[in-house]
Asker: 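There's a structure below that I have some questions on.
Only heavy atoms go into these numbers, but all of them, side chains included; no hydrogens, no water, no symmetry mates.
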Amino acid sequence: MSEYAFGISLTPTQDLSLAHDVTDVAERSGLDLVGVQDHPYVGNFLDALALTGHLLTRTTRLRVFPDVANLPLRPPAVLARTAASLNVISGGRFELGIGAGGYWDAITTMGVPRRSSAEALAALEEAITIMRGMWSPGQRVRFEGDYYRVDGVDGSEAGSPPVSVWIGAQGPRSLELTGRVADGWAAPIPSYLPYERWPGCNEIVDRAAGEAGRDPASVVRLAQVVGTVEPGGGRTGGAKLTSGADPLRAGAHHWAAELTRLATEQPFTGFVLWPEQQGVEQVRRFAEEVVPLVKANLGLPSA
């Protein structure tokens with residue numbers, strides 16, 4: 001990922017025209033990322049990866065990622081093939097956000113066994129090992145773990161730039177795993193992980209990366225913020241993203257000040273808006289009003 005990136009989260013409802021409108025505006029307005037939420041157990045949602053592939057064929061510059069892929073419902077060998085295909089088809093514009101599983105009451109309705117937190121985390125590490133092997137052309141992948149097994153499956157071309165793995169981690173052990181093996185941390189929205197925990201989580205990722213002999217700065221950090229960009233700019237008002245889980249409802253200047261603070265006080269280099277109301281106006285305000293202010297604050301080129 002480039003030094004800084006800005007994007008939006010997309011809820012995969014069956015309103016395909018809205019998804020088209022939102023991503024079209026995101027692309028035209030210069031945003032970098034679209035994250036598609038993955039909840040396969042929701043009956044009136046489109047499949048996140050199918051929608052991701054569709055959106056990648058309609059765009060030329062945006063990178064699209066599942067935010068985050070539900071591993072218990074997506075076997076890693078098949079997920080690896082899907083990710084590689086999407087990356088090749090799009091010319092290297094697919095990233096793999098992935099999680100160990102959250103809503104287990106819903107997940108188990110689709111016929112998979114419930115896992116404890118420790119089991120789910122161990123399964124996630126096994127899955128990443130398998131997927132990375134399968135993204136190596138000419139390699140025959142054999143792996144036998146406690147949760148997943150492959151026996152001589154062929155690795156294949158996975159596109160360029162390669163697929164990045166961003167873990168949606170929130171607990172200490174999953175954050176340590178992120179620091180050890182992942183390309184990035186997609187910070188869960190604050191209803192899962194309140195803002196006051198973000199600095200400590202980044203410290204865990206940094207420490208685990210260093211202990212694994214990695215440069216902590218090589219682990220991308222995505223801040224995902226729920227809220228509404230209010231009209232009129234608004235130089236004052238709005239909460240600070242320091243504690244709690246309340247949506248940020250403020251004008252562009254306050255949004256820019258808070259995202260700038262996250263970029264300077266913590267190692268966040270990616271920022272994803274989760275709009276309270278999905279629509280083109282929120283995308284446009286974020287891209288055309290908030291992002292240029294953040295870039296100016298950080299001394300970045302505006303385009």
Asker: Pairing donors with acceptors under 3.5 angstrom, does anything connect the side chains of Gln278 and Asp15?
Answerer: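 The criterion, which ignores hydrogens and geometry beyond distance, is not satisfied for Asp15 and Gln278.
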
Asker: Could you label the plane-to-plane angle of the Trp166 and Phe65 rings as parallel, tilted or perpendicular, counting under 30° as parallel and over 60° as perpendicular?
Answerer: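 Rings of Trp166 and Phe65: perpendicular, as their planes differ by over 60°.
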
Asker: Output the distance between atom CG (Leu79) and atom CG (Leu49), rounded to the nearest 0.5 Å.
Answerer: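 Those atoms lie 6.5 Å apart.
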
Asker: Can you tell me how far the NZ atom of Lys295 sits from the OG atom of Ser302, to the nearest 0.5 Å?
Answerer: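 Going from the NZ atom of Lys295 to the OG atom of Ser302 covers 7.0 Å.
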
Asker: To the nearest 0.5 Å, how far apart are CD1 in Ile167 and CG in Leu121?
Answerer: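 That separation rounds to 8.0 Å.
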
Asker: Any side-chain heavy-atom pair from Leu51 and Leu10 closer than 4.5 angstrom?
Answerer: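 A side-chain contact under 4.5 Å exists here.
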
Asker: Mind listing the side-chain donor-acceptor pairs of residues 138-148 below 3.5 Å, one per line with the distance, residues two or more places apart or on another chain?
Answerer:
unit_1 : atom_1 : unit_2 : atom_2 : d
Arg140 : NE     : Asp154 : OD1    : 3.1
Arg140 : NH2    : Asp154 : OD1    : 3.2
Tyr148 : OH     : Arg115 : NH1    : 3.2

Asker: Can you measure from CG (Leu259) to NE2 (His254) and round to the nearest 0.5 angstrom?
Answerer: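 It comes to 9.5 Å.
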
Asker: If we count only N and O atoms by modelled type, under 3.5 Å, do the side chains of Glu27 and Thr60 hold a donor and an acceptor together?
Answerer: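 Looking only at side-chain atoms, Thr60 and Glu27 do form a donor-acceptor pair, the distance falling under 3.5 Å.
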
Asker: Residues in side chain to side chain donor-acceptor pair (under 3.5 Å) with Glu265, at least two apart?
Answerer: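 If we apply the side chain to side chain donor-acceptor pair (under 3.5 Å) test to Glu265, skipping adjacent residues, the hits are Arg261.
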
Asker: Flag the pair Arg285 and Glu281 as a salt bridge only when some basic side-chain nitrogen lies within less than 4.0 angstrom of an acidic carboxylate oxygen.
Answerer: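 Answer for the salt bridge query: yes.
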
Asker: As an exercise, state the distance from CG of Leu86 to NE2 of His54, rounded to the nearest 0.5 Å.
Answerer: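 Nearest 0.5 Å value for the CG-NE2 distance: 13.0 Å.
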
Asker: Salt-bridged, Glu176 to Arg173, with N to O below 4.0 Å?
Answerer: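 Looking at Glu176 and Arg173, the cut-off is not met.
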
